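Bear in mind that the values here come from a model prediction, so they are computed numbers and not experimental data. In each ligand, atom 1 is the first atom listed, and ligand 1 is the first ligand listed.
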Amino acid sequence: MKRTLSLLLLSALSLAAAQKVATPIAIGIAVAQTSNASLFGQEQVIGAKLAEKFLNARGGVGGTPIKLVFQDTSGDEAGAINAFQNLISKDNVVGIVGPTLSQQAFSADPIADRAKVPVIGPSNTAKGIPQIGAYISRVSAPVTAIAPNALKQALKINPKLKKVAVLYAQNDAFSTSETGIFQQTAKDLDLNIATVQKFQTTDNDFTTQVTAVLGENVDLVIISGLANDSGNLIKQLRQLGYKGLIVGGNGLNSSSMFPICGQYCDGVIVAQAYSPTQSSAANQLFAREYKAQYKKDPPQFAAQAYTGVQVFVDALKVLDHKRKIADWDLGELRVALNKQILIGKYKTPLGELSFDKDGDIVQQAFYVAQIKMKDAKNGTFVFLK
Ligand code: ILE
């Protein structure tokens with residue numbers, strides 16, 4: 001009797017679990033559409049939507065369109081967890097592109113990993129993201145690959161650089177990860193770190209930190225933070241008289257920062273994981289389509305979000321050849337999709353890419369740009385040689 005009951009229960013459970021993949025094929029986008037992190041998230045939404053439009057126009061997945069399902073993560077961990085849960089259990093997505101911040105990824109990614117739902121990080125660059133679990137990969141090259149390039153470029157501009165100040169947001173996982181790489185690279189390049197100053201991503205007043213930096217007479221300032229805090233920090237550094245070079249990390253890689261530091265953004269050096277001039281056919285197409293719609297070159301966060309969606313679509317196409325996606329059980333598809341993502345090679349706006357055994361991106365080229373302001377609000381990232 002007991003046995004029959006548990007057997008019954010078991011089959012009821014597996015019945016509940018068996019669920020066909022709905023069409024159009026739902027892909028989750030969990031990025032920051034609100035909060036300070038939306039300075040990045042807005043670019044990600046644009047990139048993802050472009051991918052949906054253009055990949056569907058080119059036939060989607062073997063003739064079946066994809067449909068992006070957006071859940072706003074806002075800027076904190078709770079928001080990301082909530083968005084992931086909704087996408088996984090209510091929206092029944094095949095996989096998720098997100099979240100925006102590494103700080104959020106460390107909390108939300110384990111939930112998807114346990115549910116066996118593939119996640120592609122579109123902008124998480126802290127060390128350790130793909131190592132969260134087997135279902136977590138990323139198309140955003142890590143701080144280890146990106147940050148050193150900016151310092152080398154600063155030395156190219158001014159070979160006499162010697163004394164540097166380092167500042168970072170201590171409440172943000174990406175910023176603490178990135179500053180570690182900046183500080184190590186500075187030492188490797190024989191630069192002398194005169195002071196290390198901490199701040200919070202929620203800070204607006206940086207008088208204490210700027211005073212400490214000015215007291216050291218440094219000729220290079222290196223900043224790891226997010227857009228709003230870093231923008232204000234740069235502004236106050238310049239207003240209080242700092243004249244030397246500034247290197248900013250990945251959190252300064254958005255034109256959303258321009259209205260915050262205004263004319264003071266001018267000259268800041270930022271390493272890039274994407275260049276609008278990258279010569280691949282995939283990128284030329286993407287850059288042209290972006291420019292036609294937005295009248296400017298695509299930014300890195302949009303290109304990476306586009307790439308995240310494209311990787312899902314390319315991997316789904318391979319599986320669709322074996323069995324039409326609509327005939328798969330959702331749970332089985334998520335598992336197979338994750339495997340396919342990791343073994344595939346992709347021709348994307350970031351160039352040709354693949355993944356290493358952990359799910360970290362293997363990317364060919366990186367770049368460095370310098371901010372050039374036109375007026376108090378508008379500017380561009382000028383790519384350096
Ligand atoms: N790369 C950072 C992170 O991983 C930010 C992403 C800048 C928008 O948290």
Quiz item: Which is it for Q272 and N253 under the side-chain contact (heavy atoms from CB on, under 4.5 Å) test, yes or no, and what are the steps along the way?
Solution: CA-CA 7 Å; Q272 309 279 328; N253 196 0; 3.0 Å; yes

Quiz item: Can you pull the residues with any heavy atom under 4.0 Å from ligand 1?
Solution: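 For ligand 1, the contacting residues are F40, T100, L101, S102, S123, N124, T125, F174, N250, G251, F301.
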
Self-check item: Pairing of K322 and E332 as salt bridge, 4.0 angstrom limit
Solution: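 No salt bridge links K322 with E332.
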
Quiz prompt | NZ/NE/NH1/NH2 to OD/OE distance under 4.0 Å, D329 and K20 | solution =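 Here D329 does not pair with K20 in a salt bridge, since their nearest N and O are not under 4.0 Å apart.
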
Self-check item: Pairs involving residues 109-168, ordered by first then second residue, that meet disulfide bond (SG atoms under 2.5 Å apart) (sequence neighbours left out)
Solution: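 For residues 109-168: none.
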
Self-check item: Pairs involving residues 200-233, ordered by first then second residue, that meet disulfide bond (SG atoms under 2.5 Å apart) (sequence neighbours left out)
Solution: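 Listed once each, the pairs would be none.
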
Quiz item: Residues two or more places apart in sequence or in another chain: which of them pass side-chain hydrogen bond (donor to acceptor under 3.5 Å, both in side chains) with T201?
Solution: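 For T201 the side-chain hydrogen bond (donor to acceptor under 3.5 Å, both in side chains) partners, ignoring immediate neighbours, are N171.
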
